[in-house]
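Just so we're on the same page: letters track the sequence lines, and every chain starts at 1.
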Amino acid sequence: MTALDRAFYDRPVLAVARDLVGCVVRHGATAGVIVETEAYHHSEPASHAYVGLTPRTVTLYGPPGVAYVYRSYGIHALLNAVCEPEGEGAAVLIRALEPLDGIAQMRVRRGAHMRLEDLCSGPGKLTQALAVGLELNGTSLVDGPIRFEAPVAARPEVELAVGPRIGITKAVELPWRFCAAGSRHVSRPWPPGHRDTLAA
DNA sequence: CATGGGATTGACT
DNA sequence: GTCAATCCCATGC
């Protein structure tokens, strides 16, 4: 399995967010298929990069293909992939995975009786399941401890569902959330009756 | 220097 | 459905 190269991330963040659905995140013996992403860009107020270059956003404004890991609500670690050329301040939030490898290890970290679809169905859940902590902020996704891999060729192409991002209060209207349509491993079920889907 | 607000989750009514 | 936990850091005085 080959890791995505740096050029993959050195593109518009929306394109990367779309293309990451179906890719694999691997850390140690645990891995999962990405089924949900969100794009964030310095030009819109929901992004941490909106405030400009500060100690907090150094990683976001750095080179693409690097992990941006930050603490959310004082409790959870959230994993992002830094995108676009250095200086642009853009990243894709990984919001949910379909567990692939090391599922027993995930249950040790998340709870022995946890259902499969609850192991990684949220941005804070998947970092706990894969043991991704704040110390991995700034590490390479190309040749660092966390690897993002291209989809296996045998895997059927996923249909993409597109909609507004979750859990934000600013720029709520932007349809910058991308899900594998019909997946039972996403963080929140898709609004019923939503037809705004397109091919991957 | 004090304050307020989260890109969430899990427990509880 | 509601709500607390918990802490870094950006902002404003």
Next on the checklist: How would you summarise protein contacts on nucleotides 2-13 of chain B per nucleotide, using B for base, S for sugar-phosphate only and - for none, with heavy-atom distances below 4.0 Å?
Outcome noted: ----BBBSS---
Item to check | Euclidean distance for P, B/dG5 against C/dC13 (whole angstrom) | outcome: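 Roughly 14 Å separates the two P atoms.
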Checklist entry - What interatomic distance, in whole Å, is found between P of C/dA5 and the corresponding atom of B/dT13? => result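 B/dT13 and C/dA5 have their P atoms separated by 14 Å.
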Checklist entry - Centroid-to-centroid, A/Tyr40 to A/His48, below 6.0 Å? => result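 Distance test on ring centres: not under 6.0 Å, no.
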Checklist entry - Which residue pairs satisfy the salt bridge (Lys or Arg N to Asp or Glu O under 4.0 Å) criterion with at least one member in residues 68-84 of chain A, sequence neighbours excluded? => result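 For residues 68-84 of chain A, and leaving out neighbouring residues, there are no salt bridge (Lys or Arg N to Asp or Glu O under 4.0 Å) pairs at all.
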Next on the checklist: Does anything in residues 53-63 of chain A form a salt bridge (Lys or Arg N to Asp or Glu O under 4.0 Å)? List the pairs, not counting sequence neighbours.
Outcome noted: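 Non-adjacent pairs meeting salt bridge (Lys or Arg N to Asp or Glu O under 4.0 Å): zero.
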Next on the checklist: Which heavy atom of A/Ala77 sits nearest to which heavy atom of A/Val69, and what is that distance?
Outcome noted: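 Smallest interatomic distance, heavy atoms only, reads CB-CG1, 4.0 Å.
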Checklist entry - Can you name the nearest heavy-atom pair linking A/Leu141 to A/Ala81, along with the distance? => result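 Taking A/Leu141 first and A/Ala81 second, the nearest heavy atoms are CD1-CB, 3.6 Å.
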Next on the checklist: Using a 3.5 Å limit for the pairing distances, which stems of at least 3 consecutive Watson-Crick or G-U wobble pairs does DNA chain B take part in?
Outcome noted: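 In DNA chain B, stems of three or more pairs: B:1-6 with C:7-12, B:8-12 with C:1-5.
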Checklist entry - Can a donor-acceptor pair be found between the side chains of A/His41 and A/Ser43 at a distance below 3.5 Å? => result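 The criterion, which ignores hydrogens and geometry beyond distance, is satisfied for A/Ser43 and A/His41.
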Checklist entry - For A/Ala180, does its backbone N or O pair with a side-chain atom of A/Ser183 as donor and acceptor, under 3.5 Å? => result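 Checking the backbone N and O of A/Ala180 against the side chain of A/Ser183, no donor-acceptor pair under 3.5 Å is found.
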Item to check | Salt-bridge present (A/Arg165, A/Glu173; N to O < 4.0 Å) | outcome: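 Salt bridge: no.
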Item to check | Presence of salt bridge, A/Asp19 and A/Arg11, under 4.0 angstrom | outcome: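 A salt bridge is present here (some side-chain N lies under 4.0 Å from a carboxylate O).
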Next on the checklist: Using the side chain to side chain donor-acceptor pair (under 3.5 Å) criterion, which residues pair with A/Ser187? Sequence neighbours excluded.
Outcome noted: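 Result, side chain to side chain donor-acceptor pair (under 3.5 Å) vs A/Ser187: A/Glu36, A/Arg95.
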Under 3.5 Å, which protein N or O atoms sit close to an N or O of nucleotides 10-13 of chain C? Give each pair with its distance.
residue, atom, partner, partner atom, Å
C/dA10, OP1, A/Thr54, OG1, 2.8
C/dA10, OP1, A/Arg56, N, 3.3

